[in-house]
Amino acid sequence: MSITLSITRSASKEQQAFETTTTGLDLFGADRSIVAMRVNGAVADLATELADGDEVEPVEMSSPEGLAIIRHSAAHVAAQAVQNLVPEAKLGIGPPITDGFYYDFEVPAPFTPEDLRSLERGMSQIVRERQKFVRRVVTDDQARAELAGEPFKLELIGLKGNATDTDGASVEVGAGELTIYDNVRRDGTTAWKDLCRGPHVPHTGYLNAFALTRSSAAYWRGDQKNQQLQRLYGTAWPSRDDLKAYQNRLVEAAKRDHRKLGVELDLFSFPDEIGSGLAVFHPKGGILRMEMEEYSRRKHVEAGYSFVNSPHITKGQLFETSGHLDWYADGMFPPMHIDAELNADGSVRKPGQDYYLKPMNCPFHCLIFRSRGRSYRELPLRLFEFGTVYRYEKSGVIHGLTRVRGLTQDDAHIFATKEQLADELTSLLTFVLDLLKDYGLDDFYLELSTKNPEKFIGDEQTWEIATETLRQVGEASGLELVPDPGGAAFYGPKISVQARDAIGRTWQMSTIQLDFFEPERFELEYTAPDGSRQRPVMIHRALFGSVERFIGVLTEHYGGAFPAWLAPVQVICIPVADEFVGYLNGVADKLRAAGVRVEVDSSDDRFGKKIRNAQTAKVPFMLIAGGEDAAKGAVSFRYRDGTQNNGVGIDEAVAEVVRAIQTRARA
RNA sequence: GCCGCCUUAGCUCAGUCGGCAGAGCGGCGCACUCGUAAUGCGCAGGUCUGGGGUUCGACUCCCCAAGGCGGCUCCA
């Protein structure tokens with residue numbers, strides 16, 4: 001028999017003829033960097049038999065599919081190690097994820113750090129055994145019989161064809177036939193098996209570099225109503241060096257953690273006495289915040305926004321009208337019941353009122369709109385406010401400045417006619433992206449969150465038009481537009497801007513959200529040119545999301561080394577010796593007169609220590625003066641990166657600093 | 001909210017297998033200091049997160065609470 005294969009490798013295609021049954025191992029088995037292959041477009045195990053005319057392409061370990069395969073295979077090895085250590089452990093699911101994998105188990109006791117170490121040793125043993133991954137197609141009944149002791153797997157078999165990617169179940173059971181992967185030792189005995197869609201590496205010896213990273217609890221199939229399983233997280237890489245590099249990336253990311261930098265740079269804190277998720281900003285964080293807000297205000301003035309203010313608390317009636325008490329009462333702080341008066345017998349003489357801390361600003365802005373008759377001539381009406389809101393976030397989700405219970409939104413609500421919607425959204429998106437760029441974020445993509453069929457109000461047609469408008473605006477931006485089906489709030493679709501930071505992590509920043517609900521609830525109207533009463537469309541939008549969160553994101557983006565315009569201290573003047581403090585005070589006065597935040601380090605630290613202090617405080621400019629500088633009426637620049645520019649005239653130095661601040665230059 | 005882990009000086013962390021607690025940095029004081037990332041000496045600072053229990057004795061063991069960390073779920 002003769003099989004003709006068309007082998008595609010890199011860009012070149014070659015024709016090869018084989019005399020016997022051929023598998024991917026025959027073609028690529030000698031190259032350990034190839035973990036699987038693509039047969040006629042579909043990824044398959046190397047052990048798969050090839051047929052005449054198949055288009056075959058190798059899958060490199062370092063490719064996205066290749067990484068997923070080694071991680072998924074590592075998950076199997078981890079699970080085998082777990083069942084070796086804890087024989088009664090029941091298997092959940094174990095998919096690859098970004099940078100690694102996890103596997104869920106029902107175990108009698110949660111994993112301890114010592115367990116993780118012994119499991120890693122167990123995994124190494126399995127890798128040394130070079131157990132083959134052998135794919136086997138089974139019927140549903142066969143699978144049920146073989147996995148009778150694995151209740152979660154049995155449940156998955158029942159889901160076959162209905163599994164979704166969102167809960168990870170599809171990794172185990174694809175839409176097609178059921179398969180089991182056996183881990184076969186070199187003596188032919190089966191060490192372990194798992195219901196799995198595959199593909200996998202040919203044998204465990206392909207796993208060069210892995211580590212177990214942590215354990216935690218996770219709900220079975222991602223549903224809070226289900227049992228909690230223990231989840232084991234791990235990571236796997238093509239080489240030890242890749243693993244090392246990954247671990248170094250984690251260390252570098254930890255150094256940028258805004259919670260850590262917040263303490264080190266004295267920006268903010270979360271005193272226990274105030275409560276979880278409630279931040280105070282220290283003087284340096286306060287300046288950062290002021291600069292951020294000031295610039296934003298200026299841009300909003302230029303863009304035609306009106307500035308409004310609303311109180312932090314309100315009677316519950318307002319949130320009944322807005323619908324928040326129906327939909328989001330769980331996320332609100334409970335009411336303050338005031339002014340009630342009781343009779344001596346405990347019966348109510350005067351009922352009193354419930355007041356709530358506001359979780360949103362929009363109802364207030366709706367009332368401002370409604371405060372008098374509105375003409376179409378006023379639209380679009382853009383109401384902006386730095387509005388501080390309070391949300392009762394569940395205790396387990398609070399995280400630094402990025403998830404808090406008290407936050408200040410840079411919130412605006414735009415009331416527009418339907419006809420204005422497309423233009424308004426287009427200019428709004430440009431405004432949003434330009435402003436984010438001014439703060440130093442410049443790598444974006446968009447996400448379009450569309451209707452959740454289970455949770456929405458309003459009519460299909462309005463949704464359709466609004467979603468289509470958002471889509472067109474998003475596409476016209478030229479940015480990547482990622483669909484988020486079902487991600488919309490009940491009252492309207494939204495588009496959100498995702499920004500990648502300096503080390504490639506993505507953060508959801510701005511959201512632009514359409515709302516058909518509240519204008520209706522508040523019966524908002526304007527008078528159209530023909531004298532008829534029309535209902536405006538409302539756009540919610542926040543650029544920073546919240547000021548607190550944005551400070552957190554920028555702190556991590558810049559690693560605490562803020563550009564000069566945002567830096568709490570912009571210049572620090574360092575005398576070479578005490579004698580030059582007076583000279584530098586003169587320089588500082590000039591800088592201060594030019595609006596620069598400057599300090600003179602007149603402490604009794606020695607020179608080297610002062611440099612170090614300024615460096616660790618990440619101050620953008622150090623202006624140094626000693627005898628040489630003073631004689632010339634000059635100063636010496638030391639920049640944050642350690643470079644130096646000596647003998648700069650004082651006026652020139654002031655001009656350079658001012659220029660850097662005004663241009664919002666990245667330093 | 002759920003699971004696990006953690007909480008010792010302002011910060012980072014030692015420590016006592018149950019017998020009245022330590023370092024470095026920071027702070028304060030004194031001296032020193034003319035050229036690019038830590039000068040020296042001294043001093044102050046902790047009811048060992050809070051409450052309850054076990055014990056002759058608890059920072060240490062147990063329970064509860066608060067706060068934090070890592071996940072899960074959630075995020076108008």
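Worth saying up front: this structure is predicted, and the values here are computed from it rather than measured.
Between U39(B), U36(B), A76(B), one nucleotide has an atom nearer to the side chain of N646(A) than all others, and that is U36(B). Here the side chain of S276(A) is nearest to one of G67(B), A76(B), C69(B), namely G67(B). Residue S636(A) has its side chain nearest to G35(B) when only A76(B), G35(B), C72(B) are considered. Comparing A76(B), G70(B), A38(B) by their nearest atom to the side chain of R259(A) picks out G70(B). When distances are taken from the side chain of K494(A) to each of A76(B), G71(B), U36(B), the shortest belongs to A76(B).
Across the strands present, A23(B) finds its partner in U12(B); the criterion is a Watson-Crick or G-U wobble pair with both atom distances under 3.5 angstrom. With a cut-off of 3.5 Å on both pairing distances, C17(B) has no Watson-Crick or G-U wobble partner at all. Here G40(B) sits opposite C30(B) as a Watson-Crick or G-U wobble pair (both hydrogen-bonding atom distances under 3.5 Å). Nucleotide G70(B) is matched to C3(B) when pairs are restricted to Watson-Crick or G-U wobble geometry with both distances under 3.5 angstrom.
The base of C34(B) sits within donor-acceptor range of the side chain of E579(A), with an N or O pair under 3.5 Å. A donor N or O paired with an acceptor N or O is found under 3.5 Å between the base of U73(B) and the side-chain atoms of K394(A). In the interface, the side chain of R606(A) is paired with the base of U39(B) through a donor and an acceptor atom under 3.5 Å apart.
The residue R405(A) sits apart from the nucleic acid: no heavy atom pair falls under 4.0 Å. Across all strands, D605(A) comes closer than 4.0 Å to base atoms (heavy-atom distances). F270(A) comes within contact range of no nucleotide atom at all, as no heavy-atom separation falls under 4.0 Å. No engagement by P575(A) is indicated, since no non-hydrogen atom pair under 4.0 Å with the nucleic acid exists. Within the 4.0 angstrom heavy-atom criterion, no nucleotide atom of any strand lies near H540(A). Counting non-hydrogen atoms under 4.0 angstrom, Y233(A) reaches the backbone sugars and phosphates but no base.
At a cut-off of 3.5 Å, with distance as the only test, no side-chain donor of Q224(A) or N226(A) sits close to an acceptor on the other residue. For the residue pair T408(A)/T388(A), the side-chain donor-acceptor check at 3.5 Å is satisfied. With no hydrogens or angles considered, a side-chain donor-acceptor pair links D629(A) and S636(A) at under 3.5 Å.
For CD of E114(A), the number of neighbouring non-hydrogen atoms (other residues, nucleotides, ligands) closer than 6.0 Å is greater than 12. Residue-environment remark: CD (Q247(A)) exceeds the threshold of 12 foreign heavy atoms within 6.0 Å. Atom NZ of K90(A) has more than 12 neighbouring heavy atoms from other residues, nucleotides or ligands inside a 6.0 Å radius.
Contact between the side-chain N/O atoms of H399(A) and the OP1/OP2 oxygens of G71(B) is not found at any separation under 4.0 Å. Dashed line: the shortest gap from a side-chain N or O of K609(A) to OP1 or OP2 of G26(B) is under 4.0 Å. Contact annotation: R638(A) side-chain N/O to U36(B) OP1/OP2 distance is not under 4.0 Å.
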(request) Before giving the answer on side-chain contact (heavy atoms from CB on, under 4.5 Å), spell out for Q508(A) and R549(A) the whole-Å C-alpha distance, their side-chain angles and the decisive distance to 0.1 Å. (result) CA-CA 10 Å; Q508(A) 176 172 317; R549(A) 187 179 134 89; 4.2 Å; yes
(request) Indicate for each nucleotide in nucleotides 2-8 of chain B, in 5' to 3' sequence, whether protein heavy atoms under 4.0 Å reach the base (B), only the sugar-phosphate (S), or nothing (-). (result) BBS----
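Two rings, from F517(A) and Y491(A), have their centers 6.0 Å or more apart.
Looking at which nucleotide of RNA chain B each of Y328(A) and F607(A) is closest to, the 5′-most match is held by F607(A). Each of D272(A) and V576(A) was matched to the nucleotide of RNA chain B holding its nearest heavy atom; the match closer to the 5' end belongs to V576(A).
A parallel orientation is assigned to the rings of W327(A) and F490(A), their planes being inclined by less than 30° (bins at 30° and 60°).
Atom pair K225(A):NZ and G1(B):C1' shows a separation of 14 Å (rounding to whole Å applied).
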